[in-house]
Amino acid sequence: MSNDWMLGGSREVRSWHDQMQVCLNGHRITANALGSPEFREDFCSRCGMRTIMACEKCRTPIQGEYHVENVFAVGMNTPVPKYCTKCGSPYPWQEAAIENLKEALREGGLDSADIQAAELALPDIMHDTPKTELASLKFGRILKKLGKPVYEVAIKVVTDVASEAAKKALGLG
């Protein structure tokens, strides 16, 4: 085997993403669905939900483990993505988490103005945008108005759906 790539040689190294299989609740079945099809499941062994390997909106494969020719990696733990890399749509598990958060806000005894303000802030909390920090501050102020049981549920869901910058601004990461 030649080490041209290590020495700056002209040999091009081949790399690719395998395909990930995930259940509709967001449990990763395998990050190597093509390379190791024996690990695929039609239904999740943890929750029984149907599994998918592609975006249901645009049919783009869900990116799995990243491979580099002639490189063996141990302990890879490719995270389950929240959004399709082709069309930007949330995957079903992200959509369900967002709806769960909205429902928690509605059940939390907030007035309609606070619910509306929280829902308007959500896009900037779920994605890193120039407005993420301010949206997180507003959202955090609204969350503090919730009763303890609903607050705890909302915080857990926010931890699942929020961007890293929003989690940091909310003191969750």
Side-chain angles (χ1 to χ4, degrees), residues 5-6 11-105 118-140 154-173:
W5 66 276
M6 290 173 58
R11 184 175 171 271
E12 187 176 320
V13 177
R14 192 172 152 245
S15 62
W16 69 98
H17 279 277
D18 203 313
Q19 194 167 355
M20 186 178 287
Q21 184 181 43
V22 184
C23 84
L24 295 179
N25 281 329
H27 298 125
R28 183 179 69 181
I29 306 304
T30 179
N32 294 300
L34 300 178
S36 297
E38 66 273 18
F39 295 116
R40 293 186 200 170
E41 299 174 359
D42 292 334
F43 294 89
C44 180
S45 59
R46 283 173 261 174
C47 70
M49 288 299 288
R50 179 173 61 85
T51 61
I52 61 172
M53 293 180 19
C55 174
E56 294 187 307
K57 298 203 169 72
C58 74
R59 307 306 311 156
T60 298
I62 301 171
Q63 282 188 357
E65 191 170 305
Y66 185 69
H67 298 276
V68 178
E69 184 179 42
N70 298 322
V71 174
F72 182 74
V74 178
M76 294 293 292
N77 191 13
T78 307
V80 173
K82 296 177 181 181
Y83 300 94
C84 176
T85 58
K86 179 76 173 184
C87 71
S89 296
Y91 285 115
W93 47 91
Q94 180 74 351
E95 277 186 85
I98 293 165
E99 286 307 311
N100 190 26
L101 179 56
K102 289 178 180 179
E103 185 64 26
L105 293 171
E119 289 186 3
L120 286 173
L122 277 177
D124 293 313
I125 290 170
M126 294 181 307
H127 308 281
D128 287 335
T129 73
K131 298 178 181 179
T132 296
E133 288 182 3
L134 182 58
S136 298
L137 291 173
K138 290 177 182 178
F139 197 78
I155 287 297
K156 182 184 180 322
V157 178
V158 167
T159 302
D160 291 340
V161 301
S163 71
E164 292 307 313
K167 286 187 233 181
K168 186 175 177 183
L170 288 165
L172 303 173

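Any value given below was found using the heavy atoms of this structure, including those in side chains, with hydrogens, waters and symmetry copies removed. Position 1 is the first residue of the sequence; numbering continues from there.
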Do the side chains of [Y] and [X] get nearer than 4.5 Å, heavy atoms only?
X	Y	answer
V158	F139	yes
H17	E65	no
W93	I52	yes
T78	Y66	no
I62	Q21	no
Y91	C84	yes

So, [X] side chain and [Y] main chain: donor-acceptor pair closer than 3.5 Å or not?
X	Y	result
R40	A33	yes
Q19	M53	yes
D18	L34	yes
K167	T159	yes
T30	N32	yes
K82	D160	yes
R50	C44	no
T132	H127	yes

Quiz prompt | Listed partners of F39 passing ring-ring contact (aromatic ring centres under 6.0 Å, His included), at least two apart | solution = none
Quiz item: Cut-off 3.5 Å, side chains only: do R28 and N77 have a donor facing an acceptor?
Solution: yes
Practice problem: Scan side-chain atoms only and decide if E41 and T51 contain a donor-acceptor pair under the 3.5 Å cut-off. | Solution: no
